[in-house]
Amino acid sequence: MEPKIIENTRYELKVEFIGEGHSFCNLLRKTLLEEPSVDFAGYSIDHPLLANPVFTLRTKRRQANVVMREAIEKLLARAEEFRKKFVQAVSDYDIES
């Protein structure tokens, strides 16, 4: 993934996520919508085979780039928690049963 900033103002951020698709953008959108200061979080993909998603974030009271960074940190923490639980579940699984 390579993020490319298209627009960056105090309350709006547009980023093209090169090499990504719906999976990452949906996770990011849902995580951002948990934040009360988010006015809009969404993305568009002009063509699913030929284009990269362009993500738009608009906030009401907080800087958009700060809200985006916090959401990505939350995603990383959740992914790490999932990784640990998955590794534990695999190690606890008894092949004989």
Side-chain angles (χ1 to χ4, degrees):
M1 172 195 325
E2 183 180 335
K4 178 181 172 188
I5 304 297
I6 297 172
E7 183 177 330
N8 186 10
T9 65
R10 184 172 179 84
Y11 298 115
E12 187 165 335
L13 181 65
K14 277 190 179 180
V15 183
E16 180 180 8
F17 290 109
I18 298 168
E20 287 299 324
H22 291 285
S23 299
F24 174 77
C25 289
N26 267 320
L27 278 173
L28 181 59
R29 183 181 62 82
K30 287 183 179 185
T31 302
L32 280 164
L33 291 175
E34 295 171 3
E35 167 60 41
S37 67
V38 169
D39 190 35
F40 176 83
Y43 66 94
S44 65
I45 301 175
D46 286 342
H47 188 285
L49 298 177
L50 304 174
N52 295 304
V54 175
F55 200 97
T56 301
L57 169 64
R58 277 195 301 265
T59 59
K60 298 176 202 167
R61 303 176 300 275
R62 299 182 63 211
Q63 284 189 311
N65 61 354
V66 172
V67 172
M68 177 69 85
R69 188 191 66 217
E70 290 173 356
I72 290 171
E73 288 170 356
K74 189 183 284 186
L75 276 177
L76 290 171
R78 288 177 178 169
E80 178 60 19
E81 181 182 342
F82 176 78
R83 186 194 67 77
K84 287 178 183 175
K85 287 181 179 179
F86 181 77
V87 168
Q88 185 64 47
V90 168
S91 69
D92 291 347
Y93 182 75
D94 184 9
I95 294 176
E96 300 299 322
S97 53

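If you read the sequence from its start, that first residue is 1, and numbering goes on from there.
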Besides Val87, the hydrophobic cluster formed by Ile, Leu, Val, Met, Phe, Trp and Tyr side chains linked at under 4.5 Å, directly or via other members, contains none
Is it the case that over 12 heavy atoms from other parts of the model lie below 6.0 angstrom from the CG atom of Asp92?
yes
Is it the case that more than 12 heavy atoms not belonging to Lys60 sit under 6.0 Å from its NZ atom?
yes
Determine all donor-acceptor pairs shorter than 3.5 Å in which one atom belongs to a side chain in residues 5-16; sequence neighbours excluded.
| from | atom 1 | to | atom 2 | distance (Å) |
| --- | --- | --- | --- | --- |
| Thr9 | OG1 | Glu12 | N | 3.1 |
| Thr9 | OG1 | Glu12 | O | 3.2 |
| Glu16 | OE2 | Asn52 | ND2 | 3.3 |

Is there a side-chain contact between Phe55 and Met68 in this structure, where contact means two heavy atoms from C-beta onward sitting under 4.5 Å apart?
yes
4.5 Å side-chain heavy-atom contact, Val66 and Arg69
yes
Look at Glu81 together with Lys85 and state whether they make a salt bridge at an N to O cut-off of under 4.0 Å.
yes
Considering only NZ, NE, NH1 and NH2 on the basic side and carboxylate oxygens on the acidic side, decide whether Glu35 and Lys74 come within less than 4.0 Å.
no
Transitive ILVMFWY side-chain link [X] to [Y], under 4.5 Å:
X	Y	answer
Met1	Leu28	yes
Phe24	Leu32	yes
Ile72	Val67	yes
Leu75	Phe82	no

Going from CZ on Arg78 to CG on Leu27, what distance comes out if it is rounded to the nearest 0.5 angstrom?
9.0 Å
Contact summary for Leu57 and Ala64, nearest pair of heavy atoms:
CD2-O, 3.4 Å
Could you report the tightest heavy-atom contact between Pro53 and Glu20, atom names first, then the distance?
CD-O, 3.1 Å
Would you list the atom pairs, donor with acceptor, under 3.5 Å between side chains in residues 38-45 and any protein atom, with sequence neighbours excluded?
| from | atom 1 | to | atom 2 | distance (Å) |
| --- | --- | --- | --- | --- |
| Tyr43 | OH | His22 | ND1 | 2.7 |
| Tyr43 | OH | Asn26 | ND2 | 3.4 |

